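The model shown is predicted, which means the values in this text are computed figures rather than measured ones. Within every chain, numbering begins at 1; the chains are lettered A, B, ... in the order of the sequence lines, protein sequences first and strands thereafter. What you see below is based on every heavy atom in this structure, not just the backbone, and it leaves out hydrogens, waters and symmetry mates.
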Number of protein chains: 2
Amino acid sequence: MTLTPAYAAQTAKAPLAPFSIERRAPRVDDVVIDIEYCGVCHSDIHQARDEWGHGIFPMVPGHEIVGRVAALGSAVSTFAIGDAVGVGCFVDSCRECASCRAGEEQYCEHGMTATYNARDKEGLPTHGGYSTRIVVDQKYVLRIPPSIPLDRAAPLLCAGITTYSPMRHFGVKAGDSIAVVGLGGLGHMAVKIGRAFGANITVLSTSEFKRADALALGAHAFAPTRDADTFKRLAGQFDFIIDTVSAPHDYNAYLALLKTDGCMILLGVPEQPSTVAAFGLIMRRRTLAGSLIGGIAQTQEMLDFCAEHGVASDIELIRMDQINDAYERMLRADVRYRFVIDIASLRK
Amino acid sequence: MTLTPAYAAQTAKAPLAPFSIERRAPRVDDVVIDIEYCGVCHSDIHQARDEWGHGIFPMVPGHEIVGRVAALGSAVSTFAIGDAVGVGCFVDSCRECASCRAGEEQYCEHGMTATYNARDKEGLPTHGGYSTRIVVDQKYVLRIPPSIPLDRAAPLLCAGITTYSPMRHFGVKAGDSIAVVGLGGLGHMAVKIGRAFGANITVLSTSEFKRADALALGAHAFAPTRDADTFKRLAGQFDFIIDTVSAPHDYNAYLALLKTDGCMILLGVPEQPSTVAAFGLIMRRRTLAGSLIGGIAQTQEMLDFCAEHGVASDIELIRMDQINDAYERMLRADVRYRFVIDIASLRK
């Protein structure tokens, strides 16, 4: 076991603060990773503050992890010391259910083992990337293509795959019209990845001031959702809607923007569920779907796709000791578009 | 023009009563059909009572029409006098939009011309199958396979295609598990057609007394929805849910019965929309969809499929002058499983 510097929430009420965790000695299939960067996902805040319940404290968040291979178990032959690697939202799964066998470990019927705030198969709490080192079974380790800067690759492990996976699964293709609702961490990745699919992207946002950013990120158009005319003007226009918003909003208003056979994909989880009128779905055979991150094989596919298309996250690099301020700024939606922790700041 | 005996609602408040309508003289592409049977769809009641608004009165309902070809326009070569034919929910569409070109006329971007309670391209009100004769462009006329009894074929034109189309579109295949919610006109067709697809069918109904009927119709299982244990026991069990219910119900409770990648298809339109919690969709990549009848080509495919698999509706044959009583019985869900009007009773 290795004593590892980290930042943890001691309780749901406490700010994050320095802490030490133990990482297991590598097993035969393990990859030991010296973490260089870790992205800050909005779910880190929800979990560190136990807003979803069932929090395991002390908690070390972080599931957008990139670093370099520091050591290898004896059975690992596909990674080498020094390789740039990544770890996303989960570090294990049952490996036997239909979802695991299909490479869709995120839907593991026995529950994937989340990278943090979960218990591994031995019942020990998992700890995430707000730390200098992590030890992960090789099956759950991604390879970061050399052309993607490591710090800008980190958010691909959650925000990237969360937007890529439904586009691939539900069949986004060149020439499709996509509305991206909300321009935050997920939204900005949806713009970049959707654009790389060859789709025509319109960003819909409450914040008129995000227009310039949306276009700079690659969107073809921007439409303010506080303007009722937007919903008239864009009725029946989109093949897909990627809805990244967690604030309450009326799904029916957005569903009406879909063409016949259009699909609206929910990635955000509003606390207050919206109503859905059957009529709007029936009259145009529309679908309302949800999607959760992506499997390991597809995450690797996404990383390779991003490398091929020059896609990476837009980030603000912070020191580990800035994390509590970063959380406050995220709650004000004041980040363009993902905070990434420079884990070197935790080694000093 | 031909004066044609019919039954009409003179106003939204009036019971249906004898009336005469004029049918146009056949154009070159028209098929003149002597109607033999017309199914009674629940939407006939909604429209005759103007519960959906925009009713055109006097109104002759009926869009599950079967009969025999009585005369043909000069350009019609694919039908012959005496052929058994059918007309469903629409008698025209723009023929030019993407949906029409794709053979999905029900989603015509300019609006299909409904068989009744609509206006045709000349602006004249359309009148449905509660009448002895109808004149329809050949493109919108179906061929009834000889092995299906004509009276039992009538409801296939709406209830049949409404359940067949989403099963085909969303990819139901042999071995899939389907929950059919509600055992009425639509539900009983969903059981029969789903069974013919080779799927494993469970009927979910508030009415425990429908258990025997469900099994007799071909369902493999029945589960009462008033028993909370049903929702625990069947969690995550179904590939598809065919939801035929128009009474208010909690979509989330049903969505939880879907497997990963399962799809719940709404065919009923509750007056009060249900809420939908994003979480239930996201965690298993479930989809909530709607579907509207089907296109002409697919309706013909459905009729041929039903003939091949020995599928027809279970009906109660009534005289035209029993229609008002039939409506009252339908409102009490007292029909097994579709009323069909013997139009001979209108000729006497």
Side-chain angles (χ1 to χ4, degrees), chain A residues 52 97-100 102 104-109 111-112 162 165-166 169-170 235-236 239 243-246 248-252 255 258-295, chain B residues 52 97-100 102 104-109 111-112 162 165-166 169-170 235-236 239 243-246 248-252 255 258-295:
Chain A
W52 293 344
C97 72
S99 293
C100 283
E104 304 263 28
E105 302 90 349
Q106 74 276 29
Y107 302 118
C108 174
E109 288 161 25
M112 60 183 177
T162 296
S165 181
H169 179 76
F170 291 103
D239 297 292
D243 181 353
T244 72
V245 173
S246 295
H249 56 298
D250 177 10
Y251 291 164
N252 298 304
L255 286 165
L258 289 172
K259 298 179 186 176
T260 296
D261 287 328
C263 178
M264 172 160 156
I265 299 153
L266 303 179
L267 303 179
V269 181
E271 275 186 56
Q272 293 301 321
S274 172
T275 61
V276 171
F279 193 77
L281 294 176
I282 289 172
M283 295 310 287
R284 295 256 166 246
R285 198 164 57 193
R286 294 166 173 137
T287 54
L288 178 68
S291 182
L292 178 70
I293 46 177
Chain B
W52 293 343
C97 71
S99 293
C100 283
E104 304 263 28
E105 301 90 350
Q106 74 276 30
Y107 302 119
C108 174
E109 288 161 25
M112 60 184 177
T162 297
S165 181
H169 179 77
F170 292 103
D239 297 292
D243 181 354
T244 72
V245 174
S246 295
H249 56 298
D250 177 10
Y251 291 165
N252 298 303
L255 286 166
L258 290 172
K259 298 180 185 175
T260 296
D261 287 327
C263 178
M264 172 159 155
I265 299 152
L266 303 179
L267 303 179
V269 182
E271 275 185 57
Q272 295 301 320
S274 172
T275 61
V276 171
F279 193 78
L281 295 175
I282 289 172
M283 294 309 286
R284 295 258 165 246
R285 198 164 57 194
R286 295 167 173 137
T287 54
L288 178 68
S291 182
L292 179 70
I293 45 177

Query raised in the report: Any idea which of R284(A), M283(A), H169(A) has the most non-hydrogen atom pairs under 4.5 angstrom with chain B?
Result: H169(A)

Report task. Among A277(A), G268(A), G280(A), S274(A), single out the residue with the greatest number of heavy-atom pairs under 4.5 Å to chain B. Result -> S274(A)

Query - Positions in residues 258-266 of chain B that reach chain A, provided some heavy atom is under 4.5 Å away - result: T260(B), D261(B), L266(B)

Requested in this report: Mind ranking S291(B), P166(B), P270(B), S99(B) by heavy-atom pairs under 4.5 Å with chain A and telling me who comes out on top?
Outcome: S291(B)

Query - Part of Q272(B) within contact of chain A (heavy atom distance under 4.5 Å) - result: neither

Query raised in the report: Non-hydrogen atoms of chain A under 4.5 Å away: do they reach the side chain of C108(B), the backbone, both or neither?
Result: backbone

Report task. Would you indicate whether F279(A), at its atom CZ, is surrounded by more than 12 heavy atoms from other residues, nucleotides or ligands within a distance under 6.0 Å? Result -> no

Requested in this report: Against chain A, work out which of L281(B), I282(B), L292(B) has the most heavy-atom pairs shorter than 4.5 Å and name it.
Outcome: I282(B)

Query raised in the report: Checking I293(A) against chain B: side chain, backbone, both or neither under 4.5 Å from a heavy atom?
Result: neither

Query raised in the report: Between F170(A) and T287(B), what is the shortest heavy-atom contact and its length?
Result: CE2-CG2, 3.8 Å

